[in-house]
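The structure appears below as structure tokens.
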Protein chains: 2
Amino acid sequence: MGLTERKERDKAELKELILNAAKKILLKHGKEGLSIRKIATTIEYSPATIYLYFKDKDEILHELMEMGFMLMNKYMLHAFAETDPIKRIHSIGNAYVKFGLENKDWYDLMFNSDKPMKHIEKCMEDWDEGMAMFNFLAITCKEAIEQLHLRGLEERILALQLWSCVHGLVNLAQSERLEIVERNQTKELIAKTLDSMLISIFKR
Amino acid sequence: MGLTERKERDKAELKELILNAAKKILLKHGKEGLSIRKIATTIEYSPATIYLYFKDKDEILHELMEMGFMLMNKYMLHAFAETDPIKRIHSIGNAYVKFGLENKDWYDLMFNSDKPMKHIEKCMEDWDEGMAMFNFLAITCKEAIEQLHLRGLEERILALQLWSCVHGLVNLAQSERLEIVERNQTKELIAKTLDSMLISIFKR
DNA sequence: CAAAAATAATAAACACTGTTCAGTTTATCA
DNA sequence: TGATAAACTGAACAGTGTTTATTATTTTTG
């Protein structure tokens, strides 16, 4: 019987509707401005209905996070195609920062809130897209270490080092701390700093 | 007449009372758990009273932020005393990370919320303690560049690079992202990464 | 000292938030 | 058609920051 199927499709449709509304509100009003009630009024349902499709707000945020990683992946496509490990690391770094600067709300959700992590106990499974990206970076680091004969450098440490650098830079930029360093031209400042980071690690 | 003086002292006392209560709640329940109403019940006043002493919640958060910087300064004392610029940078880095890890709530308030920045339009004056610390780092960087004859390195770029590194590392640690890299022994991981960062910039 | 003016404090309300649950409406099936 | 199941919601609960009209207290003045 195709009835139950259609039922499930309907259910999936409303779920999609909720998520699309949530996405729209996120991009318009930011993480703080995203509320269950705003979603409800947007899709013209009662707030209680949303709880029939999602356990709680965190579950919605988590699904949004996954959408964010899909977007981030698009920024990484160029890096994925690069064969030379050092060039690939440069490419990843640039893509990461570009994504962060151009998608503040997504980045905020994906990297700046602990809620999605705590939702399910084992964040390993919960944050698998994030982990996949880190592993890709780590593999690239391993290749780079081998190519440059950098002995005494653990790839996971190097990967974490790189991640911290770009994450910190994006973070400082987003919370407007960079305007302390340089009032205007923050974009140039970011580019320069990112360059300096990569150069100091791989010395050109 | 000493009466107005006493009045002002009384006023200052209640202000102090409010801030102490706020601090206590911050340390017990974190940034999210800190509310005007909780402060009010703690000091046994009505919530409205608090608005006679502070413009809004942000003003309280901002004053707490300043308290946080005073605490951070204590962590930096050792670094302030160091004369060798490279050693001083190491010392600053270690102190920064130590402070961040041992004082999550303070750090969160000082470096992870944009609210205190937006409170007054010119964040330069608003965040003067933060700026002072950055300038101290930048001066140290200048000395280090001169000592190591690292031409082509701008001190403010280098300072920002260092700041991004430690800030990113502390941030990832606090939001429990490091457990992706290494389930246990995150402390060792942080120490190793910090070392690697400093070595890669100054090559031992 | 009493009346007036200034100060201090608050209760109550407003507009929000996430979440739950007892009901009501709607659709399905025998 | 009547019973059952699924979908949906109104209203409430316990919070949040903030404002305003009102009351209580203190100080100043005539």
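Only heavy atoms go into these numbers, but all of them, side chains included; no hydrogens, no water, no symmetry mates. Below, chain A is the first sequence line, B the second, and so on; all start at residue 1.
- Applying the side chain to side chain donor-acceptor pair (under 3.5 Å) rule to A:W106 yields no partners; only residues at least two apart in sequence or on another chain are considered.
- In this structure A:T140 satisfies the side chain to side chain donor-acceptor pair (under 3.5 Å) test together with A:R88, sequence neighbours excluded.
- Following rounding to the nearest Å, B:I43 (CD1) and C:dA8 (P) show an atom-to-atom distance of 15 Å.
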Verdict with supporting geometry, B:I92 and B:V166, side-chain contact (heavy atoms from CB on, under 4.5 Å): CA-CA 10 Å; B:I92 291 172; B:V166 288; over 6 Å; no

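- Computed from coordinates, the B:E59 CD to D:dG17 P distance equals 15 Å when rounded to whole Å.
- Between A:Y45 and D:dT9 there is no side-chain polar atom (N or O) within less than 4.0 angstrom of OP1 or OP2.
- Partners of A:K23 under the salt bridge (Lys or Arg N to Asp or Glu O under 4.0 Å) rule, at least two apart in sequence or in another chain, do not exist in this structure.
- Rounded to an integer number of Å, the gap from A:L52 CG to C:dT26 C1' is 14 Å.
- Backbone-only contact: A:Y53 has heavy atoms under 4.0 Å from sugar-phosphate atoms and none from a base.
- Regarding B:L14, its CG atom lies at a distance of 17 Å from the P atom of C:dT7, rounded to whole Å.
- Rounded to whole Å, atom P of D:dA7 lies 16 Å from atom CD1 of A:I50.
- For C:dT10, the OP1/OP2 oxygens have a side-chain nitrogen or oxygen of B:T49 closer than 4.0 Å.
- The aromatic rings of B:F99 and B:Y75 sit perpendicular to each other, their planes meeting at more than 60°, with 30° as the lower class boundary.
- The shortest heavy-atom contact between A:L109 and A:M65 is CD2-N, 3.8 Å.
- Following rounding to the nearest Å, B:E32 (CD) and D:dT16 (P) show an atom-to-atom distance of 12 Å.
- We find that CG of B:L17 is positioned 16 Å from P of C:dA8, with the value rounded to whole Å.
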Sequence-aligned protein contact record of nucleotides 13-22 of chain C, with B where the base is within under 4.0 Å of a protein heavy atom and S where only the sugar-phosphate is: B---BBBBB-

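- Counted by atom type alone, B:S196 and A:Q161 present one or more donor-acceptor pairs between their side chains at under 3.5 Å.
- Residues that satisfy the salt bridge (Lys or Arg N to Asp or Glu O under 4.0 Å) test with B:K38, not counting sequence neighbours, are absent from this structure.
- The end-to-end axis angle of the helix from C:dC1-D:dG30 to C:dA30-D:dT1, rounded to 10 degrees and based on five pairs per end, is 30°.
- A donor-acceptor contact closer than 3.5 angstrom links the side chains of A:Y107 and A:Y96.
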